[in-house]
K.L.:
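What follows is a single structure, and I will ask about it in a moment.
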Amino acid sequence: MICAAESWNAQNQLSAAYIDLGFKYLPPRALYAQYEEGVSELVSKKTEAESRFADAAQQLQATQDAVDGIAEPSVYVLDRTKGVGQVSYGNNASRIDAIAQVFPLFFFLVAALVALTSMTRMVEDDRIEIGTYKALGYSAGQIAQKYLFYAGAASLLGAVLGTLFLSQLLPAIVTRAYGTMYVVPSLPFPLPIDVPTALLACLAGVSATLAATFAAVWAEMREVPAALMLPKAPSAGKRILLEHIRPVWHHMSFLWKVTFRNLFRYKRRLVMTLIGIAGCCALLLTGLGVRDAISDIVDKQYGDIWHSNVEVSLDEDTTESDRDAIESYLEDAGAATSGAWTENLNMQVGSETASPLSCTLIVPEDPESFSGMVTLKERTSGASVPLDEGSVLVSEKLASELGLSVGDTIEIYGQDDIGNAAGESHALAITGIFENYLSYYVIAGQNAYTSAFGAEPKASHLYASAPGTAQEHRSMAGEMRDLSGVSAVSFNDDTISSYRAMLATVDSAMVVLVVAAALLAFIVLYNLTNINIQERIREIASLKVLGFTRHEAASYVFREIILLSALGAAIGLAAGIFLEQFVIVMAEVDFAMFGRDIHPASFAIAFGMTMVFTLIVMAALSPKLAHIDMVESLKSVD
């Protein structure tokens, strides 16, 4: 009893000690049971872990086998020419560069005409002084130095100022216009100047002025001093062609008869004025015409030619039921559809083209329904281009780039992942060329495709014309992407917006050219009109002595200016048509063909601006006519 009591006390003391140390006291039997339970759990967990490790090992091996089975990839190195942004910016810059290579030449020619007219008038005014120098023994070279130095200094100063200021202003305007579309770095100030180009421009301007001055001086130098020291004899009057049309001539007033006789009496002045005004009006019409051509691209491409505004790309495994569901959705939305097989391919004529052009090949399922999506016609004649199962139609820009015509054979290749030609060539004979302004297209009938490729095409795209706004189109696109069998949906709203933004940059540059042409037209008109008045001061003074009022004297002179301006502007409009066509062809780049039509409003604006400048010049020079001193002007110069 004593031992049991002592054992009990010992256990109580041990339990109390465990509690003091933070442990729970368990009797040996409970500890053994807990141990057995832990061993059993360990065996169970170990078995489960080994099973999971085995599964993981199998998954790793399967994954490794899949990795080992991957074919060796093709590696492509893409430079800047493959980037969409860089290529787009480069194409826009190429348009500006092409225009810049054409317009300055015509500006330069008109400016050279102004210099020739001005220096010729200056030399003629100094006839007596030149004759005196010759009589005193001065050589022709010494006399010419005075005028050559004056002309050279003035033209050199103008060339330097133009280089310094306009080389900073014009690039800034063009770059700012492009900044609305692209993220371009800010231009440094001042902009670096291409010294060789600047020197060449200055040399050309100074040389043209000096050549005109030398020609004017040399014409006077051929006369003897005695003739130079006398006033230049006025041009002899002659009967003009209009006088032979008696019904018209007899019904004209005296002042109108004098006006027409004066116009044809001073033939050199007539030619100079007509050329100057016609050149400026042609430049104005060209600038406005280029704007029309650029703005017409989107309107004609997505209005007159392509009537479909949505393209649905189908998956390769799209079933007939999937396609029926897609067409049903489009029909419920009020859209007309047409299926076609399309693919981006490379194209060339034989082996003459080193760099094949990339085009889109379209094979319609039903040529008749597809013709409702696209208006196929020739641009010049407007004749319809037939599309049937054996047709092969090529867009006009593509045909122009490759020199194709109806009956030629084209070769089409596949493309690799970066757009290079790949695979075997497939020959197609062209049956028609249709009007198109954006991208390169080849439209082939199913029979023509099967003969060339040796396989039946399968519809991969649906073209549709869906009504609604741009917001409604975006909603439709989102719903259609959820349909089975649809790979992609694209409406042309965003395409039109991007093209308009891109073409707006070129349009901004054309505004600069139109303004420059307008300023040049004003300068030419003012200069020619002022010279006309200077040459006829004695004549105008004589009219005042004879009793002509201020209004009558002004009408006598300005009537001729108005007629010459109207005639010169009409000639300029005719010349501007050909000049605009030349500039359009020069300014075009790949994948785009500019419009070929000049809007009637552009003709009216060019003609109207020329006549408005004429009226402004007349108003500016009217005080000069009013202040002509009759007594001084009628004094003898002998």
Side-chain angles (χ1 to χ4, degrees), residues 293 296-312 330 335-345 347 349 357-412 426-453 457 459-466 490-492 495-496 499 588 590-597:
D296 282 348
I297 293 177
V298 176
D299 295 333
K300 289 189 174 183
Q301 180 72 15
Y302 295 108
D304 299 339
I305 299 175
W306 287 87
H307 309 299
S308 64
N309 60 355
V310 57
E311 180 179 344
V312 182
L330 290 171
T337 61
S338 177
W341 180 87
T342 63
E343 185 175 355
N344 289 324
L345 300 172
M347 175 181 183
V349 182
L357 298 176
S358 179
C359 67
T360 299
L361 175 63
I362 301 177
V363 183
E365 280 187 325
D366 182 8
E368 183 177 355
S369 64
F370 185 79
S371 297
M373 299 290 104
V374 182
T375 298
L376 301 173
K377 64 182 180 68
E378 295 180 355
R379 178 181 57 83
T380 54
S381 64
S384 176
V385 178
L387 173 63
D388 53 36
E389 299 296 345
S391 299
V392 177
L393 310 182
V394 178
S395 59
E396 182 178 351
K397 176 66 175 179
L398 180 58
S400 175
E401 289 288 334
L402 297 177
L404 301 173
S405 60
V406 175
D408 290 342
T409 300
I410 59 176
E411 296 181 2
I412 297 184
H426 306 277
L428 294 170
I430 299 176
T431 61
I433 297 175
F434 65 95
E435 181 182 10
N436 190 77
Y437 292 91
L438 293 174
S439 297
Y440 298 144
Y441 287 101
V442 176
I443 302 177
Q446 292 195 38
N447 292 343
Y449 176 86
T450 303
S451 299
F453 287 80
S460 59
H461 289 71
L462 288 176
Y463 295 93
S465 179
S490 61
F491 283 85
N492 61 13
T495 303
I496 293 174
Y499 269 115
E588 282 182 352
D590 294 340
F591 293 100
M593 185 178 77
F594 289 173
R596 296 295 192 267
D597 300 327

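Side chains included, hydrogens not; waters and symmetry mates left out as well; all remaining heavy atoms used. Each residue takes its place number in the sequence, starting with 1.
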K.L.:
Do Pro364 and Leu387 have side-chain heavy atoms sitting under 4.5 Å apart?
P.N.:
yes
K.L.:
Mind checking side-chain contact (heavy atoms from CB on, under 4.5 Å) for Ala452 and listing every partner two or more places apart, or none if nothing turns up?
P.N.:
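Scan of Ala452 (side-chain contact (heavy atoms from CB on, under 4.5 Å), adjacent residues dropped) gives His426, Leu428.
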K.L.:
Shortest non-hydrogen contact from Glu396 to Glu435?
P.N.:
OE1-CA, 4.0 Å
K.L.:
Minimum heavy-atom separation for Ala427 and Thr409, please, with both atom names.
P.N.:
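Taking Ala427 first and Thr409 second, the nearest heavy atoms are CB-CG2, 3.8 Å.
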K.L.:
Given side chains that start at C-beta, do those of Tyr441 and Val374 come closer than 4.5 Å, heavy atoms only?
P.N.:
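Result no, sub-4.5 Å side-chain heavy-atom pair not found.
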K.L.:
Where do Ser391 and Pro386 come nearest, in terms of heavy atoms and distance?
P.N.:
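Shortest heavy-atom separation between Ser391 and Pro386 comes out as OG-O, 3.6 Å.
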K.L.:
Could you report the tightest heavy-atom contact between Asp597 and Asp296, atom names first, then the distance?
P.N.:
O-OD2, 3.9 Å
K.L.:
Please walk me through it: do Trp306 and Leu438 pass side-chain contact (heavy atoms from CB on, under 4.5 Å)?
P.N.:
CA-CA 10 Å; Trp306 287 87; Leu438 293 174; over 6 Å; no
K.L.:
I'd like to know whether Phe453 forms a side-chain contact (heavy atoms from CB on, under 4.5 Å) with Leu361, so could you lay out the CA-CA distance, the side-chain angles of the two residues, the decisive distance to 0.1 Å, and finally the verdict.
P.N.:
CA-CA 12 Å; Phe453 287 80; Leu361 175 63; 4.0 Å; yes
K.L.:
Taking C-beta and beyond as the side chain, do Arg379 and Lys300 meet within less than 4.5 Å on heavy atoms?
P.N.:
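In short, these two side chains do not touch, never coming nearer than 4.5 Å.
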K.L.:
What pairs with Phe491 under ring-ring contact (aromatic ring centres under 6.0 Å, His included), at least two apart in sequence or on another chain?
P.N.:
His473
K.L.:
Which value, rounded to the nearest 0.5 Å, describes the distance between Tyr463 atom OH and Met373 atom CE?
P.N.:
11.5 Å
K.L.:
Please assess Asn436 against Lys397 for the test side-chain contact (heavy atoms from CB on, under 4.5 Å), listing each intermediate value before the final yes or no.
P.N.:
CA-CA 7 Å; Asn436 190 77; Lys397 176 66 175 179; over 6 Å; no
K.L.:
Looking only at atom types and distance, does a side-chain atom of Asp408 sit under 3.5 Å from a main-chain N or O of Ser405, one as donor and one as acceptor?
P.N.:
yes
K.L.:
For the OG1 atom of Thr431 and the CG atom of Leu393, what is their distance to the nearest 0.5 Å?
P.N.:
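If I round to the nearest 0.5 Å, the distance is 4.5 Å.
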K.L.:
Tell me the closest heavy-atom pair linking Ala448 and Gly390, and the distance in Å.
P.N.:
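It is CB-O, 3.9 Å.
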K.L.:
How many angstroms lie between OG in Ser308 and CZ in Phe370, if you round to the nearest 0.5 Å?
P.N.:
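Answer for the OG-CZ pair, Ser308 versus Phe370, is 7.0 Å.
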K.L.:
Begin from the C-alpha positions of Ile443 and Phe434 and carry the test side-chain contact (heavy atoms from CB on, under 4.5 Å) through to its verdict.
P.N.:
CA-CA 10 Å; Ile443 302 177; Phe434 65 95; 3.9 Å; yes
K.L.:
Can you find a pair of side-chain heavy atoms, one from Val442 and one from Val392, that are under 4.5 Å apart?
P.N.:
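They are in side-chain contact.
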K.L.:
Taking all non-hydrogen atoms of both residues into account, name the closest pair between Lys377 and Gly382 and its distance.
P.N.:
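Closest approach of Lys377 to Gly382, heavy atoms only: CB-O, 4.1 Å.
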K.L.:
Any chance you could measure Tyr302, atom OH, to Ile297, atom CD1, to the nearest 0.5 Å?
P.N.:
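Answer for the OH-CD1 pair, Tyr302 versus Ile297, is 11.0 Å.
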K.L.:
For Asn447 and Thr450, does a side-chain donor sit closer than 3.5 Å to a side-chain acceptor?
P.N.:
no
